[in-house]
Peer 1: 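Pasting in a structure now, in structure tokens, and then I'll have a few things to ask.
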Amino acid sequence: MGRTVGIDIGTTTSCIAVLEDSRAIVMHTESGDRTIPSLVSWNEDGEVAVGRDSRREWFSNFDATVFGVKQLLGRKASDPYVQELARQWPYAVVAATNGDAWIDVAGARRSPNEIAAHLLANIKRVAEHYLDDTVVEAVVAVPASFDDVQRQAITDACAIAGLTLRALLDEPTAAALAYGVHRQHDQRIAVLDLGGGTLDVSIVWIEHGASKVLATRSDPSLGGDAFDRAIVGMLADDFMAEHGVDLRRVTGQDPRPVPTPVWLQQQLKACAERAKIQLSSATMANVTMPFIVNVEQGPLHLERELDRGQLEHACKALLDRLESPCLAALVAARCTPSDLDHVLLVGGMARMPAIQERAAAVFGRPVRTGANSDHTGGNPDEIVALGAAVHSGILRG
Ligand code: AMP
């Protein structure tokens, strides 16, 4: 008959869950990963690699690897938001004949729907391998701020991937379902979703199993990527102060093999992200990139320690930006913090202690990040997929 799964197709990573014996569980890949990178790449023979396979080729096949496609779905190339993204991305965003934002990659113009379909088809494969069963239907979570065109784009991508879309579910509602809040009475919940690309703050009202998103406010350029770039900025500033070399302007003109600037930028960003993730559980991280650049006197190495305080200092301006969408969402939902019953944090960045502290300060109450909840198992980047799986169960009664 085929199974129904819950899917969180994320900007940076995706996650799939299923309901087993009335309990939502995350499905892992063959290699044991509970989340899947939202990456698609094409090799020289035109073969497509998705997820972990694509990430493995990331540095060698950087120019033909697409990330962040969720941010383009259903948008026009002339959209200022798209143009801002295009300035930061290594691949060209081009206008299709109807003005839609497409990507020029690996020698072809491709629609975000087609690229998202590759992600979804891979998700379907992972789920079928895990379940040893066919997967035909999905509940897919989307940002509450998605408009009809963006929702249609996801629907089309599901169809291309061979998935029947059972329902599109707003991500904050999915989060509330994962926490089991739908079984409670007259609950107002703030859901702060900070992933790789964007911040969405939603106020959700739950009443006897029914839910309504009262308001959503976003900061479309506040996500993990922005934090990574801030850390790179600090590393580059300090390197400049120490060695007089600006890592942001390395031209690769040295006769010895030096990394190309784009490659170097990506290496730096990956290094910054690793340190950021490490500093969510440790108070000190090592940042090491040997032979980062060649100068007349020989190769230079980036080698330093970074503590949590330095990380938070580098990201202060970004942390300060959390407050405004939270307050705007409260105003739009005609709520005050004291009207809220819960504050839920979701998205990979919810693991950063400074994010948890800021959110608690803005809403004036403790925040929940997944631990001790119904289905969540303590992982904020799995909550939305788990909620989508719970919703698939509700749909089946
Ligand atoms: P998502 O799209 O929800 O999977 O979130 C992805 C973002 O979360 C990326 O920017 C990751 O670097 C970030 N992230 C993942 N794990 C952690 C962690 N432990 N601490 C801080 N950020 C994290």
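Indexing begins at 1, ligand by ligand and atom by atom, following the structure's order.
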Peer 1: Could you verify whether a donor N or O on one side chain and an acceptor N or O on the other, from Asn379 and Arg351, lie under 3.5 Å apart?
Peer 2: yes
Peer 1: For Trp205 and Asp186, does a side-chain donor sit closer than 3.5 Å to a side-chain acceptor?
Peer 2: yes
Peer 1: Less than 3.5 Å apart, N/O on ligand 1 and N/O on the protein: could you list those pairs with the distances?
Peer 2:
residue	atom	partner	partner atom	Å
ligand 1	2 (O)	Gly196	N	3.4
ligand 1	3 (O)	Gly348	N	2.9
ligand 1	4 (O)	Thr13	OG1	2.3
ligand 1	5 (O)	Gly348	N	3.3
ligand 1	8 (O)	Met349	N	3.3
ligand 1	10 (O)	Lys276	NZ	3.1
ligand 1	12 (O)	Glu273	OE2	2.5
ligand 1	12 (O)	Lys276	NZ	2.8
ligand 1	20 (N)	Ser280	OG	2.6

Peer 1: Does a side chain donor of either Tyr130 or Glu30 reach within less than 3.5 Å of an acceptor in the other side chain?
Peer 2: no
Peer 1: Hey, are Thr13 and Ser38 close enough side-chain-wise for a donor-acceptor pair under 3.5 Å?
Peer 2: no
Peer 1: Is it the case that Asp381 and Thr35 place a side-chain donor and acceptor less than 3.5 Å from each other?
Peer 2: no
Peer 1: Can you check ring pair (Phe, Tyr, Trp, His ring centres under 6.0 Å) on His301 and Phe291, steps first, answer last?
Peer 2: CA-CA 5 Å; His301 316 290; Phe291 303 99; 4.8 Å; yes
